[in-house]
Amino acid sequence: MRYLVTARVKENRRDALRRAIEDRSLGAGSVAGDEYFRNMEEARELPDGRVKWVETCFCATPLQEERPYWEEYFQLETIKDAHARSTCRDENGTEPWACMNCDCTSRLEQWLSNKGEPFRP
């Protein structure tokens with residue numbers, strides 16, 4: 001499933017997040033692997049300081065695996081389904097792991113790419 005994540009960088013954690021991205025330690029030990037870096041490359045920072053990105057997660061609880069890694073740097077505000085669960089091929093069982101190569105959120109990601117500025121911690 002894909003989720004639209006909205007978060008704010010925690011006070012005094014922006015530099016640590018930047019370093020974790022630069023030295024590739026963000027998400028170290030997580031099964032989500034390079035997803036953290038893809039998320040940060042595509043994330044957008046809005047004028048009010050919120051950061052938004054679309055994230056793929058296969059956990060029964062949204063971002064169950066990723067949450068501890070994100071919460072080291074971010075205050076997560078919302079995690080919303082990025083599209084209808086009923087049409088998610090992974091979620092409805094018609095194609096396991098379909099989210100890996102799915103374009104179901106391409107319109108949302110295009111819309112998001114025009115909001116705010118690219119996130120640069």
Close side-chain approach of Tyr3 and Asp81, heavy atoms under 4.5 Å: yes
For Ser25, all residues meeting side chain to side chain donor-acceptor pair (under 3.5 Å), sequence neighbours excluded: Asp23
Nearest-0.5 Å distance, OH of residue Tyr73 to NZ of residue Lys10: 10.5 Å
For Cys57 against Pro62, the heavy-atom pair lying closest together: SG-C, 4.4 Å
Nearest-0.5 Å distance that lies between atom CG in Asn92 and atom CE in Met1: 10.5 Å
Salt bridge (Lys or Arg N to Asp or Glu O under 4.0 Å) against Arg13, all qualifying residues, sequence neighbours excluded: Glu72
Rounded distance (nearest 0.5 Å) linking atom CZ of Arg44 with atom NZ of Lys52: 12.5 Å
Which atom of Ala20 lies closest to which atom of Phe37, heavy atoms considered: O-CE2, 4.0 Å
Residue list, ring-ring contact (aromatic ring centres under 6.0 Å, His included) with Tyr36, at least two apart or on another chain: Tyr69, Trp70
Whether Glu55 side chain and Leu63 backbone form a donor-acceptor pair below 3.5 Å: no
Non-hydrogen side-chain atoms of Leu76 and Arg67 separated by less than 4.5 Å: yes
Cluster check Val51, Ile21: I/L/V/M/F/W/Y, side chain < 4.5 angstrom: yes
Can you list, pair by pair, the side-chain donor-acceptor contacts under 3.5 Å of residues 114-121, counting residues two or more places apart and other chains?
{"from": "Asn114", "atom 1": "ND2", "to": "Gln110", "atom 2": "O", "distance (Å)": "3.2"}

Within-4.5 Å side-chain heavy-atom neighbours: Leu4 and Leu112: yes
Shortest non-hydrogen separation from Glu65 to Val31 and the atoms involved: OE2-N, 3.2 Å
Selection residues 26-38 - residue pairs positive for salt bridge (Lys or Arg N to Asp or Glu O under 4.0 Å), sequence neighbours left out: Arg24-Asp34, Glu35-Arg38, Arg38-Glu42
Path from Met40 to Val54 over hydrophobic side-chain contacts below 4.5 Å: no
Shortest non-hydrogen contact between Gly49 and Arg8, atoms and distance: C-NH1, 3.7 Å
Short side-chain to backbone donor-acceptor contact, Ser30 and Ala32, under 3.5 Å: yes
Gap between atom CG of Leu17 and atom CD of Glu22 - 0.5 Å precision: 10.0 Å
Pair listing, salt bridge (Lys or Arg N to Asp or Glu O under 4.0 Å) test, anchored in residues 99-109, at least two apart: Arg2-Glu109
